[in-house]
Amino acid sequence: MTPSWSGWKHYPQGGLGNIDAPIGPGIYEVRRATDGGMFAFDVVENLAMALAKLQTRPKRLGWFGRRGGVALPELEYRYFPTRSWEHARLAADHMLSRRESWFNRAA
């Protein structure tokens with residue numbers, strides 16, 4: 001069976017909730033649920049750990065690290081599991097080159 005992207009899943013708000021991802025190498029993509037804009041994309045050794053550690057809160061600003069009520073974006077994630085990190089890197093390079101060639105044709 002060839003690996004494929006999982007379905008889109010809701011990313012837990014504020015770190016409260018469970019991440020449903022395999023413990024192994026692969027690629028993940030996180031997008032904003034409202035407009036589909038890409039939030040994060042990476043090749044990692046451990047999908048579950050990488051998605052759990054994803055920085056979704058804005059960085060601290062100001063002298064005291066306080067910020068007004070900043071709404072966290074509604075996020076969705078999906079993953080592409082692979083046999084090894086090298087396979088994940090090659091698959092990501094292939095995906096990015098396909099996306100780049102599509103954009104070049106569309107321009």
Side-chain angles (χ1 to χ4, degrees):
M1 185 168 107
T2 59
S4 62
W5 284 102
S6 69
W8 288 103
K9 302 173 188 210
H10 177 73
Y11 192 85
Q13 283 273 346
L16 302 174
N18 294 327
I19 300 285
D20 176 27
I23 299 172
I27 306 165
Y28 71 82
E29 182 178 11
V30 181
R31 71 178 182 181
R32 289 186 299 274
T34 54
D35 61 1
M38 186 179 291
F39 186 83
F41 178 88
D42 202 3
V43 177
V44 294
E45 276 286 335
N46 187 329
L47 287 164
M49 290 290 287
L51 283 167
K53 290 182 178 181
L54 188 67
Q55 177 69 31
T56 58
R57 294 185 179 276
K59 296 194 190 268
R60 295 168 60 173
L61 296 177
W63 288 34
F64 301 106
R66 295 184 183 249
R67 221 176 177 187
V70 176
L72 297 175
E74 288 285 326
L75 299 174
E76 297 175 322
Y77 70 96
R78 66 180 181 167
Y79 54 84
F80 186 88
T82 59
R83 288 181 284 168
S84 67
W85 185 84
E86 289 80 19
H87 286 102
R89 188 178 49 82
L90 290 172
D93 289 343
H94 179 70
M95 289 175 197
L96 292 174
S97 67
R98 285 181 52 202
R99 184 176 287 176
E100 184 177 306
S101 66
W102 186 86
F103 281 123
N104 287 340
R105 282 194 315 263

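This structure is a prediction, so every number in the text was calculated from the model and none was measured. The first residue in the sequence is number 1, and the count goes up from there.
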- Mind checking what makes side-chain hydrogen bond (donor to acceptor under 3.5 Å, both in side chains) contact with N46, not counting sequence neighbours?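 With neighbours one apart ignored, the set is empty.
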
- Taking only residues two or more places apart in sequence, or in another chain, which ones meet H10 in a side-chain hydrogen bond (donor to acceptor under 3.5 Å, both in side chains)?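 Not a single residue meets the side-chain hydrogen bond (donor to acceptor under 3.5 Å, both in side chains) criterion with H10.
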
- Message: I need the L54 CG to L75 CG distance, nearest 0.5 Å.
- Response: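 Atom-to-atom, L54:CG and L75:CG are 7.5 Å apart.
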
Which atom of [X] lies closest to which atom of [Y], heavy atoms considered:
X	Y	result
P12	I19	CD-CD1, 3.6 Å
A52	Y11	O-OH, 4.2 Å
I27	V43	CG1-CG2, 4.3 Å
A48	I23	CB-CG1, 4.1 Å
Y79	P22	CE1-CD, 3.3 Å
A88	T82	CB-OG1, 3.3 Å

- Message: Going by salt bridge (Lys or Arg N to Asp or Glu O under 4.0 Å), name the pairs with one or both residues in residues 85-96, residues two or more places apart or in two chains.
- Response: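 Output for this query lists R89-D93.
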
- Message: According to side-chain hydrogen bond (donor to acceptor under 3.5 Å, both in side chains), does anything in residues 20-32 pair up with another residue at least two apart or in another chain? List the pairs.
- Response: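 Output for this query lists K9-D20, E29-R78, R31-E76, R32-D35.
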
- State which residues pass ring pair (Phe, Tyr, Trp, His ring centres under 6.0 Å) with W8; sequence neighbours excluded, sorted by chain then number.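 W8 satisfies ring pair (Phe, Tyr, Trp, His ring centres under 6.0 Å) with no residue once adjacent residues are dropped.
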
- Task: For the residue pair W5 and F80, categorise the inter-ring angle as parallel (less than 30°), tilted (30 to 60°) or perpendicular (more than 60°).
- Result: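 Judged by the thresholds at 30° and 60°, the geometry between W5 and F80 is tilted.
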
- Message: The criterion is salt bridge (charged side-chain N to carboxylate O under 4.0 Å, His left out); which residues satisfy it with K53, sequence neighbours excluded?
- Response: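 By the salt bridge (charged side-chain N to carboxylate O under 4.0 Å, His left out) rule, K53 matches no residue at all.
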
- Query: Does any non-hydrogen side-chain atom of V30 lie less than 4.5 Å from one of L51?
  - Reply: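 Yes - at least one pair of side-chain heavy atoms lies under 4.5 Å apart.
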
- Cluster overlap F41 with W85, hydrophobic side-chain contacts below 4.5 Å: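 Cluster IDs for F41 and W85 match.
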
